[in-house]
Protein chains: 2
Amino acid sequence: MRWRELDQQECSVARTVSVIGDRWTLLVLRECFLRVRRFEAFQERLGITRPLLSERLQKLVDAGVLERVAYQERPTRHEYRLTPRGLDLYPVLMAIVHWGDVHMAKDGRRPLLHRHRVCGHVFDPVMVCSECQEPLKAGEVKVEPGFRADGETPASAAQTEAPW
Amino acid sequence: MRWRELDQQECSVARTVSVIGDRWTLLVLRECFLRVRRFEAFQERLGITRPLLSERLQKLVDAGVLERVAYQERPTRHEYRLTPRGLDLYPVLMAIVHWGDVHMAKDGRRPLLHRHRVCGHVFDPVMVCSECQEPLKAGEVKVEPGFRADGETPASAAQTEAPW
DNA sequence: ATGGTGCGTTTGGATTCTGAACCCGTCAAG
DNA sequence: CTTGACGGGTTCAGAATCCAAACGCACCAT
């Protein structure tokens, strides 16, 4: 498999990675969630080179994650905004931030804190089960075959229930 | 900023991306969570080239995400296992899987289903607030400065509360 | 002696990334 | 009416990374 053929894989991780898995793309999205919208702002804040920023933004637009919106005429200028599809990436970013906070922060000091307007507290993001609301642990989740486009029985390799 | 200097950034997203943001690395981790452990198995299942797999596994070991464990002597052979630090990446993978299920699945058909042993149901992963247990929405979270190593006042750029 | 297994490394050519410079439409100042 | 600034890109050469195929190595089995 080549990197560019990822989106054809029958796997939700592979298909998501084909959208957000390029270098810089997750950092561009970080800035988007911090309400950065303009080419110049992305470029300056990230230190990414201009050709690459241009290409990455275009890919995110093509994927429906961002939209390019005119914010003035004469001269026409555009900015990049998260679409609903892009906003749905929030849990991905929060999971990444939280892992970094826990495992990569020096002396346990977090660069940013998150406050939940709903309850007013500084919080951590927690991944829970939609059915019972309990926090998810990898060992408590069983992977089962879903639908496969080719109609074959899914290879249930690595389905033994050994611990990690 | 160059890609390799990412880990020096004062940002949890950047530091996490410096570990998991390389091409193939998230797919390697997907396999790890499916209990794949051996070099040959990763190589065959992913179709990644051998030199790259070798380098990615080594980086994950260096980052403390995987550990290299001998599973036999004569000849000595090793396998790669998730450490506790690696297991903590589970929410990241689940968030990615879920986004792919919702936004990239053809005809809404998911390649895999997840069953929660605790409650017995097929579920979706949901990111909630650790304090009030409510599902998180990007617009309901305020970003605040945390600790900064350089002692400066954090640049509160893009802190206006405009919608996306 | 030959072949197979598991886990890599080496090597040369194909992609991709980087850094610097350049281009374009518009406005504003000199 | 020329010059400069602003925002948002594109072009281009050289550097870094990736790919595919082949090779190496320790052991075992035939």
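Basis for what follows: all heavy atoms, side chains included, without hydrogens, waters or symmetry-related copies. Every chain is numbered from 1, with letters handed out A, B, ... down the list of sequences.
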- prompt: With a 4.5 Å heavy-atom cut-off, do His98(A) and Pro91(B) have their side chains touching?
  reply: no

- request: Ignoring backbone atoms, establish whether Trp24(B) has a side-chain N or O less than 4.0 Å from OP1 or OP2 of dC19(D).
  value: yes

field: Side-chain N,O (Arg56(B)) to OP1/OP2 (dC18(D)) below 4.0 Å
entry: yes

Rounded interatomic separation in angstrom, taking [atom1] from [X] and [atom2] from [N]:
X        : N       : atom1 : atom2 : result
Leu46(B) : dC19(D) : CG    : C1'   : 15 Å
Leu52(A) : dC12(D) : CG    : P     : 18 Å
Trp3(A)  : dC19(D) : CH2   : P     : 9 Å
Glu55(B) : dA16(D) : CD    : P     : 15 Å
Glu44(A) : dC6(D)  : CD    : P     : 12 Å
Leu57(A) : dG8(D)  : CG    : C1'   : 11 Å
Tyr71(A) : dC6(D)  : OH    : P     : 13 Å
Arg23(B) : dA16(D) : CZ    : C1'   : 12 Å

statement: Students should find that the nucleotides of DNA chain C closing off the region near chain B, any atom under 4.0 angstrom from a heavy atom, are dT5(C) to dG19(C)

query: If you link I, L, V, M, F, W and Y whenever their side-chain heavy atoms are under 4.5 Å apart, who else ends up in the same group as Val126(A)?
result: Val128(A), Val126(B), Val128(B)

statement: Contacts of His103(B) meeting side-chain hydrogen bond (donor to acceptor under 3.5 Å, both in side chains) (sequence neighbours excluded), chain-then-number -> Asp88(A)

message: Need one value for Tyr80(A): base, sugar-phosphate or nothing, where a base atom within 4.0 Å counts as base even if backbone is also close, heavy atoms only.
response: sugar-phosphate

query: If you take all heavy atoms of Arg117(A) and Gly139(B), which pair is closest and at what distance?
result: NE-O, 3.5 Å

field: Nucleic acid contacts of residues 58-69 of chain A, taken as heavy-atom distances under 4.0 Å to DNA chain C
entry: none

task: Taking only Lys NZ, Arg NE, NH1 and NH2, and the carboxylate oxygens of Asp or Glu, determine whether Arg38(A) and Glu79(A) approach each other closer than 4.0 Å.
output: yes

query: So how far off straight is the helix from dA1(C)-dT30(D) to dG30(C)-dC1(D), going by the axes through five pairs at either end, to 10°?
result: 20°

- prompt: Taking protein heavy atoms under 4.0 Å as touching, what does nucleotides 21-28 of chain D look like 5' to 3' if B marks base contact, S marks sugar-phosphate-only contact and - marks none?
  reply: B----BSS

statement: Contacts of Arg38(B) and Arg4(A) projected onto DNA chain C by closest heavy atom; the upstream (5') one is Arg38(B)

query: Between the main-chain N or O of Ser12(A) and the side-chain N or O of Thr16(A), is there a donor-acceptor pair closer than 3.5 Å?
result: yes

task: Answer yes or no: is there a donor N or O on one side and an acceptor on the other, between the side chain of Gln43(B) and the main chain of Ile48(B), under 3.5 Å?
output: yes

